[in-house]
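Below you'll find the structure, written out as C-alpha cells, and then a few comments.
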Amino acid sequence: MSETTEVELREKPSNFIKEIVEADLESGKTNGKVHTRFPPEPNGYLHIGHAKAICIDFGIAQDYQGQCNLRFDDTNPIQEDVEYVDSIQEDIKWLGFDWQDRLFYASDYFEKLYAFAVELIKMDKAYVDDLNQDEIREYRGTLTEPGKNSPYRDRSVEENLDLFDRMRKGEFADGEKTLRSKIDMGSPNMNMRDPIIYRIKRAHHHRTGDTWCIYPMYDFTHCLSDMLEGITHSLCSLEFEDHRPLYDWYLDTLKTPCHPQQIEFARLNVTYTLTSKRKLQKLVAEKLVNGWDDPRMPTLCGLRRRGFTPDSIKEFCDRVGVAKADSTADIALLFHCLREELNADAKRVMVVLDPVKVVLTNYPEDQVEWFDADNNPENAEAGTRKVPFSRELYIEREDFMEDAPKKYFRLSPGKEVRLKHGYYITCTDVVKDSDGNITEIHCTYDPDSRGGWTKDERKVKGTLHWVSVKHAIPAEVRLYDHLFTVENPAKSESTLEELINPESVIVLKNAFAEPALLEAKPEEHFQFLRNGYFVADRYEFSKETLVFNRTVGLRDSWAKIADKL
RNA sequence: UGGGCCGUCGUCAAGCGGUAAGACACAAGGUUUUGAUCCUUGCAUUCGUAGGUUCGAAUCCUGCCGGCCCAACCA
C-alpha cells in the first residue's frame with residue numbers, strides 16, 4: 001500500500017496551486033469543494049499550450065474529487081465561430097477529459113450580466129460614457145502618467161440607467177457609447193482606470209444571434225461567470241495577474257454570494273514551435289502548412305494526426321510542471337514521453353523506406369518461407385505474426401555501403417549481416433547501371449542461420465530489416481521534422497516563411513511494407529523496425545493506399561557516430 | 001521612466017533557516033536478432049548579484065542587475 005502511494009507521489013509532484021488548494025480545503029474556505037473551469041474563447045484551435053491549461057484545470061479538479069466545467073468565453077462575436085466550439089470539444093475529449101453535463105457559454109449569462117451592470121449603475125459604480133475610442137485612449141493616460149476623468153463620469157444614476165437601457169435597445173450607433181466602471185483614473189494599474197463593461201457592437205453571435213447589440217467585456221464577464229458557476233479556483237495564465245484586482249473589484253462591489261480565487265501560472269512554450277494564435281492562423285491562411293491539422297502543427301488535432309497519443313501529451317504536461325517562471329520546455333521531452341509510451345505499446349513491423357534490391361543467389365528461385373516475428377519484444381502478450389521470405393528482397397539503401405568505415409556494421413562487400421527473423425547473408429557482388437547507381441546487391445545466404453542465429457554462435461553485429469519483393473505492399477510514408485529551423489521562432493526577426501524548415505515534411509512514395517500492414521487501421525501506431533514510430537494516417541490511410549506519418553524517429557546513436565566520421 | 005510578476009545545471013523543476021531532489025538533454029561504459037529498449041556511471045562546493053541578520057541562508061532583510069506582462073470598445 002505505502003509503496004503505491006510513494007510511486008503516485010513521485011509521478012505527480014505537487015505545485016504551488018495544489019498547495020493553495022490544499023490550504024483552502026483545510027481551512028474550509030470552499031466548504032471542502034474544488035471546482036475549476038477551462039474557459040477557451042472559440043476563436044481558434046487548441047494547441048499544446050492549451051493542453052497544459054487543460055491538464056491543470058481538469059487535473060486539479062480530478063486530484064481533489066472536484067469538478068471542472070468547460071465554458072466558452074464567447075463575448076466577442078466578431079472573432080468567434082461554431083467551427084471552433086466543435087473542434088475544441090473534440091480535442092478536449094480526445095485528450096481524455098470529461099466535463100459531463102457542465103458545458104457552458106458565457107453568452108448563457110448575458111441577461112444576468114446585464115442585470116449586474118444595472119446594479120453597478122444603481123450603486124453609482126458605473127456610468128455611460130460618450131467618449132469615442134480615441135478619446136478614451138487619450139483620457140486613459142500612460143504607464144507613467146495618470147489618466148483623467150471623462151466629462152461624462154458624473155452623470156446621474158437615472159440618466160445612466162436610461163442611457164444604458166437605450167444602448168441595449170439599439171438607439172445608438174456602434175462605438176457611440178460605452179458603459180464604464182467607475183474606479184480610479186489615477187490607478188497605477190491600467191486595468192483599474194475605469195475599464196469598459198459594455199460596448200455597442202452589431203455583430204451576429206454564434207449562439208444569441210442578433211438579440212444583443214451590446215456585449216460585455218472579458219473582465220466583467222469572467223469573474224461573474226465563475227461566480228455564477230460556483231467556481232472555487234479560477235486558474236489562468238500570468239498575463240492576467242494585473243487583472244486580478246479588477247476581478248476582485250467586480251465581485252466585491254456587487255457583494256456576490258461567493259468569490260472565486262484567481263490564481264495565475266506560467267503558460268507553456270515549447271522549443272521549435274509557435275503557440276501564438278495569430279501566427280498559427282497565418283500559417284494556415286498563407287498555406288505554409290496544410291491546414292490546422294497538418295502533422296507539423298502544434299495544434300492538438302495536428303499532434304493527433306502526427307501520431308501523438310493523448311497520454312504522452314498529458315505526461316509531458318505533468319513533467320513540465322506548474323510554476324510562475326516564464327519557461328520554454330524542450331520539445332525533446334515531448335518526444336521522450338511519446339517514445340516511452342510507444343516503446344511499450346506499438347507493434348513492430350518491417351517497412352523499407354528507400355528500397356534497394358537484394359538477390360540471394362543461392363536461394364531457390366520459387367521458394368517462400370514464412371517466419372514467425374514477434375510483434376513487440378517488450379511485451380510477449382503482443383504475440384507474433386508471419387513474415388514472408390524469398391529470393392529477392394528489399395533492404396534500406398542506407399544499409400549498404402561499398403566503402404564502409406570500420407564502425408559501420410551493416411552490409412558491405414564481403415561482410416555478413418543478419419536479416420531480422422530471417423537468415424545471415426553475405427554480400428558477394430554489386431550491380432550498377434550506366435550512371436553508377438546501385439541497382440542490385442548480390443548476396444549468398446547461410447541455410448544454417450534460419451531464424452537469424454547459428455549453432456556456432458558466431459558474432460554478427462549488424463541486423464537489417466527487409467521486405468520480400470514479391471510480397472511487398474507499396475506505401476506512402478511522410479517523414480516529419482521540426483516545422484521551424486530555429487529554436488525560438490517567436491523571437492526571430494525573420495518572416496514565418498523564412499523560418500520554415502524545408503525538410504519539415506518529406507514524402508516517400510516508393511516505400512514497401514510487409515503484408516501484415518494491410519490489416520492496419522487509421523490512427524494505429526507502429527514501430528517500423530529501426531526507423532521510428534509511425535501512424536496510419538487518420539484520413540488518407542486505406543487498404544488500397546497505405547499512408548503512414550512518421551511521428552518520431554528512434555534514437556539514433558549511429559547518426560552521431562557517422563557525424564563524427 | 002508607473003504598476004505587477006519572475007530569476008536554482010543546456011532545458012524544465014524540487015527546495016518553505018540545518019548545509020543543492022528528480023526529469024529531459026548531454027557524455028562514457030555494459031546487455032541486445034531493432035546501432036532501439038534496458039542497465040550502470042558522470043554531469044550546480046553552488047542557487048542573478050552585492051551587502052546584512054544568524055551558530056547556520058537558495059531559503060529572512062536591503063540595495064543593485066536582468067527578464068516577462070500591462071496604455072484593444074481582444075481574451
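Keep in mind that what you see is a predicted model, and the values were worked out from it rather than measured.
- Looking at A:Arg202 and A:Asp210, no side-chain N of the basic residue comes within less than 4.0 Å of a carboxylate O on the acidic one, giving no salt bridge.
- For A:Leu554, the listed nucleotide lying nearest its side chain is B:U34; candidates were B:U34, B:A71, B:A23.
- Taking the six-membered ring where the residue is Trp, the centroids of A:Phe484 and A:Tyr272 are separated by 6.0 Å or more.
- We find that A:Arg319 and A:Glu340 are joined by a salt bridge, their nearest charged nitrogen and carboxylate oxygen being less than 4.0 Å apart.
- Residue A:Ile78 contributes atom CD1, which lies 7 Å from atom P of B:C74 at whole-angstrom precision.
- Taking atom CD1 of residue A:Ile214 and atom C1' of nucleotide B:C73, one finds them 12 Å apart after rounding to whole Å.
- Across all strands shown, A:Glu19 has heavy atoms under 4.0 Å from base atoms, whether or not it also approaches the sugar-phosphate.
- Rounded to whole Å, atom C1' of B:U34 lies 11 Å from atom CZ of A:Phe409.
- Both distances falling under 3.5 Å, in either a Watson-Crick or a G-U wobble arrangement, occur for no nucleotide opposite B:A36.
- Of the candidate nucleotides B:U34, B:C6, B:C24, B:C24 has the atom lying nearest to any side-chain atom of A:Ala332.
- For A:Asp242, taking side-chain heavy atoms from C-beta onward, the closest of the listed nucleotides B:C69, B:A75, B:C6 is B:C69.
- Picking from B:U34, B:A71, B:G35 the nucleotide with the shortest atom distance to the side chain of A:Leu529 gives B:U34.
- The A:Ala325 side chain lies nearest to B:A13 when the options are B:A13, B:G2, B:G67.
- Remark: ring of A:Trp558 overlaps the six-membered base ring of B:G35 in a stacked fashion, centroids less than 5.5 Å apart, planes less than 30° apart.
- Between B:A21 and B:C43, the two C1' atoms lie 15 Å apart (nearest whole Å).
- B:G30 and B:A23 are spaced 23 Å apart, taking the C1' atom of each and rounding to whole Å.
- Among the protein residues, A:Phe220 comes within range of no part of the nucleic acid, since none of its heavy atoms lies under 4.0 Å from any strand.
- At a cut-off of 3.5 Å, with distance as the only test, a side-chain donor of A:Arg37 or A:Ser234 sits close to an acceptor on the other residue.
- As judged by a 4.0 angstrom heavy-atom cut-off over every strand, A:Phe240 is placed among the base-contacting residues.
- Between the C1' atom of B:U11 and the OH atom of A:Tyr272 lies a distance of 12 Å, rounded to the nearest Å.
- Here the P atom of nucleotide B:C38 and the CD atom of A:Gln527 are 12 Å apart, to the nearest Å.
- Checked by distance alone, A:Arg244 brings no side-chain donor or acceptor within 3.5 Å of a matching partner on the base of B:G4.
- Comparing the C1' positions of B:U8 and B:A20 gives an interatomic distance of 8 Å, to the nearest angstrom.
- Closest to the A:Arg555 side chain, of the nucleotides B:C26, B:A13, B:U34, is B:C26.
- Salt bridge annotation for A:Asp446-A:Arg458: present, with a cationic side-chain nitrogen under 4.0 angstrom from a carboxylate oxygen.
- Paired with A:Pro39 under the rule side-chain contact (heavy atoms from CB on, under 4.5 Å), one option of A:Leu70, A:Asp226, A:Asp57 passes, and it is A:Asp57.
- Residue A:Ser557 has its side chain nearest to B:A36 when only B:A71, B:A36, B:C26 are considered.
- Residue contacts shown for A:His421 include a base, since a base heavy atom lies under 4.0 Å away.
- Seen from the ring of A:Phe526, A:Arg348 does not count as a face-on cation partner, given the 6.0 Å and 45° thresholds.
- If you check B:U34, B:A71, B:C73 against the side chain of A:Arg348, the one that comes closest is B:U34.
- Comparing the C1' positions of B:A57 and B:C38 gives a spacing of 42 Å, expressed to the nearest Å.
- Base pairing of B:U45: no nucleotide in any strand meets the Watson-Crick or G-U wobble criterion (both distances under 3.5 Å).
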Just do the side-chain contact (heavy atoms from CB on, under 4.5 Å) check on A:Arg153 and A:Asp194 with the steps written out, would you?
CA-CA 9 Å; A:Arg153 200 175 197 259; A:Asp194 289 10; 2.7 Å; yes
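- Pair check for B:G10 finds B:C24; Watson-Crick or G-U wobble, both atom distances under 3.5 Å.
- Glycosidic torsion of B:A72 falls within 90° of 0, placing the base in syn.
- Remark: B:A50 base-pairs with B:U62. Criterion, Watson-Crick or G-U wobble with two distances under 3.5 Å.
- Separating the CZ atom of A:Arg339 from the P atom of B:U34 is a distance of 18 Å, rounded to the nearest angstrom.
- In this structure, A:Lys177 reaches neither bases nor backbone, as no heavy-atom distance under 4.0 Å exists between it and the strands shown.
- Annotation: B:A72 and B:A58 have their P atoms spaced 44 Å apart (nearest Å).
- Comparing B:C47 with B:U41, their P atoms sit 28 Å apart, to the nearest whole Å.
- Of the candidate nucleotides B:A28, B:C5, B:C73, B:C73 has the atom nearest to the side chain of A:Ile196.
- Nucleic acid contact class of A:Glu378 (heavy atoms, under 4.0 Å, all strands): base.
- Going from the C1' atom of B:C55 to that of B:U19 covers 12 Å, rounded to whole Å.
- Comparing B:A75, B:C70, B:A72 against the side chain of A:Met190 picks out B:C70 as the nearest.
- Separating the CZ atom of A:Arg278 from the C1' atom of B:A75 is a distance of 15 Å, rounded to the nearest angstrom.
- Using Watson-Crick or G-U wobble geometry with both donor-acceptor distances under 3.5 Å, B:A72 finds no partner in any strand shown.
- B:A57 makes up no base pair with any nucleotide shown, lacking Watson-Crick or G-U wobble contacts both under 3.5 Å.
- Cation-pi contact between A:Lys177 and A:Phe172: present, with separation from the ring centre below 6.0 Å and deviation from the ring axis of at most 45°.
- One can place NE2 of A:His336 at 19 Å from P of B:U11, the figure rounded to the nearest angstrom.
- A:Tyr215 comes within contact range of no nucleotide atom at all, as no heavy-atom separation falls under 4.0 Å.
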